[in-house]
Structures are given as C-alpha cells and as structure tokens.
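Computed from heavy atoms alone, side chains included, the values below leave out hydrogens, waters and symmetry copies. From a predicted model like this one, the values you see are computed outputs, not experimental measurements. Every chain is numbered from 1 and lettered A, B, ... according to where its sequence line falls, protein lines coming before strand lines.
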Amino acid sequence: MAHTTVPRRRALTALLAAGALAVPLAACSGAGDEPAGSGEASADAASALEKGGELTVWAWDPTLESVARDFEAEHPNVTVTLENVGTGNDQYTALQNAIAAGDGVPDVAQVEFYALPQFALSDALTDLTPYGADQLDGTFTPGPWGAVTQGGGVWALPTDSGPMALFYNKRVFDEHGIEVPSTWDEYVEAARTLHEADPKAYLTNDVGDAGFTTSMIWQAGGQPYRVDGTDVTIDLADAGSAQFADTWQTMIDDDLVAPVVSWSDEWYQGLSDGSIASLVIGAWMRGNLESSVPDAAGDWAVAPMPQWEAGQQATAENGGSSLAVPAASENADLAWAFLEYATAGDGVATRVDEGAFPATTAELEDPAFREQEFDYFGGQKVNEVLADSAANVVEGWQYLPFQVYANSIFNDTVGQAYVGDTTLTEGLAAWQEQSATFGNDQGFTVNP
Amino acid sequence: MFVGPFMLVFALVFLAPIVYALYLSVFRTQMVGGTTFVGLENYARAMQDPQFWEGLGRVALFLVVQVPIMLGIALLVALAIDSGRLYGKSFFRISIFMPYAVPAVVASLMWGFMYGTRFGLVGNINEALGITLPNPLSPDLVLASIGNIVTWEFVGYNMLIFYSALRVVPHALYEAAEIDGAGQWRVIGAIKLPAIRGALVIATIFSIIGSFQLFNEPSILQALAPNAITTSYTPNLYAYSLSFSGQQYNYSATVAIIMGVITMVIAYAVQLRGMRKEP
C-alpha cells in the first residue's frame with residue numbers, strides 16, 4: 001500500500017502546480033505570452049517540447065524551483081532537474097571545469113552579467129539569435145539587455161536585474177535627524193553626522209567589493225573597460241573612476257564605513273540593529289531584506305541612488321543574473337524553450353511573486369507591480385523607485401571578458417586601501433595593471 | 001610477478017597524478033589562442049613571480065616561529081603527563097588531544113568568530129573591559145592568528161606522538177639514573193629526549209610539510225578578512241586561486257610542483273640532520 005500513496009501524492013502536487021500556473025497566466029498581461037521566436041530553430045524548440053526529454057539546470061536562484069515545476073506541469077514529457085552547484089564563482093568554476101572536461105555540462109546555467117563575457121568569448125555558450133532571441137530586444141530593460149548582448153550575439157536571457165537604489169534605515173535616520181541624501185556629497189555628510197552622533201553606527205559598510213566599485217564607477221559615467229573582440233582597454237583612472245575614488249577615499253579616511261564583510265553574519269546583524277544604516281545596492285536587496293532581516297521590518301525605506309551632480313537621475317546596475325545555454329548542451333532546443341518560459345514567458349510572473357526583481361519592461365511598467373505596497377517598508381511603493389532606477393541606467397558599460405578573474409584579485413589590490421597605507425587611486429592602478437597582465441597572458445591585447 | 005598488482009595500484013594512485021601535473025606544467029592554455037607547448041616557461045615565470053616568493057617567505061616565517069612553539073608546548077605537556085606527577089593525567093591527555101579531532105575548517109570558522117572585533121570574543125572583551133585590543137584579523141596580525149589556530153589544533157597530535165614514544169622507554173633506565181643521583185631535569189636531558197629523538201624528527205618533518213601546505217585556515221579566514229589574506233597569501237592558496245579563479249591550470253600545476261620539490265628538499269635535509277648519529 002505504501003507504494004501506491006507516493007504516485008498519488010505526486011499526481012496531486014502536479015495538479016496543484018497546474019492550478020498555480022493558471023493564476024499568473026490570467027494575471028500576466030502579455031509579457032511575452034506569445035513565443036517571441038520565429039524561424040526554424042524555434043520550430044525545433046516546439047517539436048522538442050512535444051517530444052520531451054530531460055533538462056539539467058544549474059542555478060542558485062530559489063525562485064526557479066517553482067518555474068521548473070510549472071514548466072514540467074505544462075509540458076508533461078519534460079523533466080527539469082534543478083541543481084544548485086554553488087553560488088556565483090563556485091558555480092562558474094564547476095561550469096568551466098565541466099566545459100573543459102566536455103562531460104556533465106548542464107543544459108541551462110545561471111550566469112551573472114559580469115561573468116557572461118568570459119563564457120561568451122570562449123565559445124562556451126550557445127548564441128541564441130537563431131532562436132529569435134534578438135527579437136526580444138524591447139522585452140528587457142536596457143541594462144540587462146546590454147549585458148547579455150555584449151560582443152554581438154545573444155548569449156543569455158536576463159532573469160533578474162539590479163538597478164541600484166539607496167536602501168536606508170528610516171528609523172535610524174529619523175532618530176538622528178538625518179535627511180535622505182540625494183547627492184554623494186550629502187551622503188558623505190550624512191555618514192559623518194551619523195557616526196559622530198553614534199560611534200557604533202555607520203551609514204554603510206564596505207571592505208572593498210568589486211561589484212560595488214564597478215557599479216559606482218558605472219554610475220559616475222566611467223567606462224574603464226572597453227572590449228572590441230580580443231582588444232581590451234582598461235582605464236581605471238578615467239573621470240568616472242577618479243570621481244568615485246575621491247569621494248570614497250574620504251569615507252575610508254574618516255572611518256565612515258563599517259569594516260564589515262557583506263553577506264557575513266555581522267552584516268546581517270548590523271542591518272538588523274541599525275548599526276549599518278544604509279546600502280546603495282541592487283534592487284534585489286528588497287527581497288533579501290524581507291527574507292533575511294525580518295527583525296527590522298518597518299525600519300527600512302528606499303530612495304533613489306545619490307547622484308554625482310544634483311538634479312541628475314543616473315543609476316547603474318549592481319549584480320543581476322541571466323540564464324544561458326552552454327554550447328555543449330545536447331538539448332539546446334529544449335533548453336531554449338525553458339529559457340524563454342522562465343525569463344520572458346509565464347515564469348516571470350511566478351518569479352516576481354516570489355520576490356525576484358524582474359528585468360522585463362512589461363513587469364516594470366505594470367501599474368500593479370509599481371503600486372504594490374510593501375509592509376516591510378512601511379507600506380512604501382518600493383517598486384516605483386526601483387523601476388525608475390532601471391530606466392535610468394547609464395548606457396555603454398562593458399565588463400571585461402575575464403571579469404571573474406579580475407574581481408577575484410580586487411581585494412589583493414584595491415582592497416589594500418581599506419586596511420593599509422595605499423589609496424583607492426593607487427589600488428585601482430594596481431588592479432588595472434594586474435588585470436592587464438592576466439589579459440595579455442590569456443592572449444588578449446590589452447592596452448591600458 | 002607477485003608485485004604486479006601492487007605496482008599497478010602504485011602507478012595509478014601515486015605516480016599518475018604527479019606525471020599528470022608535470023604534463024600540465026609544460027603547456028599553456030589561453031582563453032584566446034588555445035593550448036601550446038611552452039617547455040619550461042612556466043617554471044621560469046614562477047622563479048620571477050613575486051607573489052609566489054612572498055607566499056613562500058610567509059610560510060617559511062610561519063615555519064620558524066610556529067613550529068618550535070607548537071612542538072615545545074607538545075613536548076612539555078608530554079613530559080608532564082609522562083612524569084606521573086600530574087593528577088588527572090588522562091583528562092589532560094584527552095582534552096589536549098581533542099582539538100585535533102575538530103576538522104580544520106570548523107576550527108578556523110570557530111576561531112574566526114572569536115577573533116571578531118564587533119561581535120566576536122575580542123569584541124566582547126573590548127566591550128566588557130572598555131579597552132581596544134588590536135584586531136587579530138588585521139594584515140599585521142593575521143599570520144600570528146593563523147599560527148594560534150594551527151598550534152591549538154596540532155599540539156595534542158604532537159603531544160600524543162611524543163607521549164607514546166616516552167611510554168616505551170624502559171623504566172629500568174630511570175631507576176638506574178635515580179640510583180646514580182640524577183634529578184628529573186637530568187633524566188629528561190640525558191635519557192628521555194635522546195630516547196624519543198626519532199619521534200621528534202618525525203613530528204618536525206610533519207610540521208614542516210604542514211606549514212608549507214598551509215591552506216585551510218587562511219582560506220576560511222579570507223572570507224572574514226579579504227584584504228588581509230590575499231589570493232597568494234600562501235603558495236597553496238596561490239595555486240588554488242590560479243586554478244579556480246584564473247583558469248591557469250598549467251601555471252597552477254607548476255607552482256604546486258615547485259612547492260612539492262622545496263618541501264621534499266627541506267624535509268629530507270631535516271631528516272638527514274636529525275637522524276645523524278651523535279659523534
């Protein structure tokens with residue numbers, strides 16, 4: 001008897017999943033309900049769906065679980081196996097090893113924007129253009145779309161994006177009478193006011209974070225990386241980089257940043273008790289605060305990113321992921337079908353419901369999305385701020401085709417400015433030099 | 001003929017990885033341009049690589065400071081327990097050995113939390129006493145902090161090696177010495193230490209190898225002190241970073257081979273010197 005109950009329960013789950021699917025289907029207002037693709041490749045995808053098969057997906061994004069289940073429910077012949085082989089760099093290492101070995105390569109892999117060029121350049125990913133991916137241009141916001149199309153071809157489809165905003169602890173700000181800073185100069189002054197009023201409290205934390213630094217330079221209009229095929233220019237002393245280095249050097253020199261590593265227990269404690277009073281970070285932090293810092297519910301609010309010049313509205317992307325199809329996948333047609341479903345089809349609504357911050361314009365412009373009030377943020381319509389930020393991302397940013405390595409040596413170089421006698425400017429110069437050396441070793445032509 | 005199966009397993013398990021590392025070390029794989037044979041170029045590069053030599057210098061410093069301290073403490077404890085003058089000696093023996101049973105990763109995490117100046121033990125002490133202790137995870141102190149963790153982990157292990165060697169010294173020797181009027185210190189200097197010389201040499205060699213292979217502790221603490229522990233902090237960490245973030249398998253293999261050779265040479269020199277008969 002015990003044997004029969006298992007399948008029955010599984011059937012019930014499938015039914016429930018199908019039911020859950022119907023809701024977002026009805027709610028979804030055309031965020032790519034129609035398969036975007038045309039041409040032979042997408043016809044292959046349709047027949048592949050009919051035929052069925054098994055898909056292996058490597059991803060750490062928890063919202064993909066529901067998407068995979070819904071997808072299976074819609075296409076009974078398809079089995080999606082979701083594997084979490086590590087977050088970020090761990091996953092890339094595993095992926096690179098699998099590609100090098102030519103064995104055990106997944107059909108779909110989650111890749112962050114900054115790591116995409118590295119995989120794309122080494123021909124490790126399938127160009128999705130034949131599937132009609134190039135027609136999805138307007139479906140995604142410019143920042144993420146630029147990231148997945150760097151270097152010609154469409155190498156992945158964005159799953160979420162990280163337009164930056166100022167997340168701040170309103171309770172702490174009110175307590176010390178601090179105005180929400182709208183420029184970086186005001187931000188530095190706010191940091192000073194807070195730290196003087198309460199020596200244990202800091203406006204923010206930073207021990208040197210490559211993603212944060214590059215995003216700040218991005219917002220300041222810097223373009224330290226220019227990539228044209230295998231010709232690479234690195235200039236971490238351009239106007240944008242220098243502007244960031246100047247301002248942030250003051251924050252470090254005057255002891256205005258908490259020496260706490262992001263994502264550590266200390267960090268979460270600081271966010272919870274108000275001793276880290278703000279973060280300038282990607283929009284995905286909304287969901288992360290709600291789920292990981294529950295004790296501070298009601299304290300936090302969101303404001304636009306501080307500006308380098310008063311009155312501007314420039315922002316940058318911070319983080320954000322995409323789904324790509326490794327070139328070694330044996331089920332590329334099926335993989336594309338899943339990709340499209342998860343990033344531009346019904347999967348988007350499912351993921352947004354679970355807290356992901358979308359990269360699709362339809363969702364970002366949807367009044368229901370923008371006007372949603374968040375209890376955690378005291379009823380604020382947080383998505384309004386975040387969606388506006390997505391529309392104001394400075395264009396033209398590029399990452400290095402070896403950004404994963406460059407980021408890994410960030411703390412060896414720029415990080416030294418946080419603990420030693422060097423300055424950010426010197427650190428950035430060292431970072432540039434070592435990145436260039438690596439690039440040249442790897443066969444690129446780097447002319448700094 | 002009967003050694004055939006053994007030789008086969010030996011070749012597969014011991015020789016194959018070394019041969020493969022040697023094979024890797026004479027090539028270079030580039031993201032642009034693929035794989036080319038470069039002969040000894042990787043070795044030439046390592047010879048001039050400041051990051052590699054700084055890392056090696058760091059573990060050498062670690063070796064000459066931490067190993068004598070650790071072995072000294074281990075020897076002292078072993079002698080104390082062996083002297084029979086300690087009450088509850090099995091309790092001491094087991095509690096000093098206990099840290100060795102804690103996985104290095106867990107031990108590093110645990111100590112990492114204690115070193116924390118905000119919420120860790122150091123932070124609590126600062127708060128309770130109103131003082132400011134130096135940050136154990138700052139670039140100047142982090143090597144000493146790692147030394148502390150390694151000492152805590154391995155004193156018990158070395159103590160056990162020394163203690164078991166001491167147990168097999170015939171008690172008749174002690175009695176004879178006592179009759180001759182020798183004191184405890186004289187017994188230690190003239191009988192016990194010479195008797196466990198082999199154990200001392202073995203423990204030293206293990207510790208040298210352990211120092212050169214320093215990896216777990218800095219690798220775990222790196223998450224807490226990313227600016228103090230660079231990606232080339234120790235040669236092993238360097239090899240790891242090269243291979244995993246940099247995709248430079250070939251150069252990584254080269255670094256690993258050079259480290260292996262250096263470790264072997266030093267360990268062999270110590271063994272030769274340690275085992276030399278007294279004149």
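Heavy atoms closer than 4.5 Å to chain A are found in the side chain of F113(B), but not in its backbone. There is no contact between S243(B) and chain A, counting heavy-atom distances below 4.5 Å. Only the side chain of V260(A) comes within contact range of chain B, with at least one heavy atom under 4.5 Å from a heavy atom of that chain. Contacts between P226(B) and chain A at a heavy-atom distance below 4.5 Å involve backbone atoms as well as side-chain atoms. Both the backbone and the side chain of T231(B) have a heavy atom closer than 4.5 Å to some heavy atom of chain A. Interface residue V207(A): backbone and side-chain heavy atoms are both found under 4.5 Å from chain B. Only the side chain of Q51(B) has a heavy atom closer than 4.5 Å to any heavy atom of chain A.
Within residues 264-273 of chain A, the residues approaching chain B closer than 4.5 Å by heavy atoms are, in numerical order, D265(A), E266(A), Q269(A), D273(A). Contacts with chain B (heavy atom to heavy atom, under 4.5 Å) involve these residues of residues 85-96 of chain A, listed by number: N89(A), T93(A), Q96(A).
Of the possible polar contacts, one joining the Q416(A) side chain to the N227(B) backbone as a donor-acceptor pair under 3.5 Å is found. Q442(A) contributes a side-chain N or O that, together with a main-chain N or O of M31(B), makes up a donor-acceptor pair within less than 3.5 Å.
The neighbour count for E83(A) CD, taken as heavy atoms of other residues, nucleotides or ligands under 6.0 Å away, is above 12.
Comparing L121(A), D412(A), V414(A) by heavy-atom pairs within less than 4.5 Å of chain B, the highest count is held by D412(A).
Rounding to the nearest 0.5 Å places OH of Y405(A) at 5.5 Å from CD of Q248(B). Rounding to the nearest 0.5 Å gives a distance of 11.0 Å between CD1 of I409(A) and OG1 of T230(B).
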Let me see the working for N97(A) and Y249(B) under side chain to side chain donor-acceptor pair (under 3.5 Å), right down to the final yes or no. CA-CA 11 Å; N97(A) 288 347; Y249(B) 305 110; 2.8 Å; yes
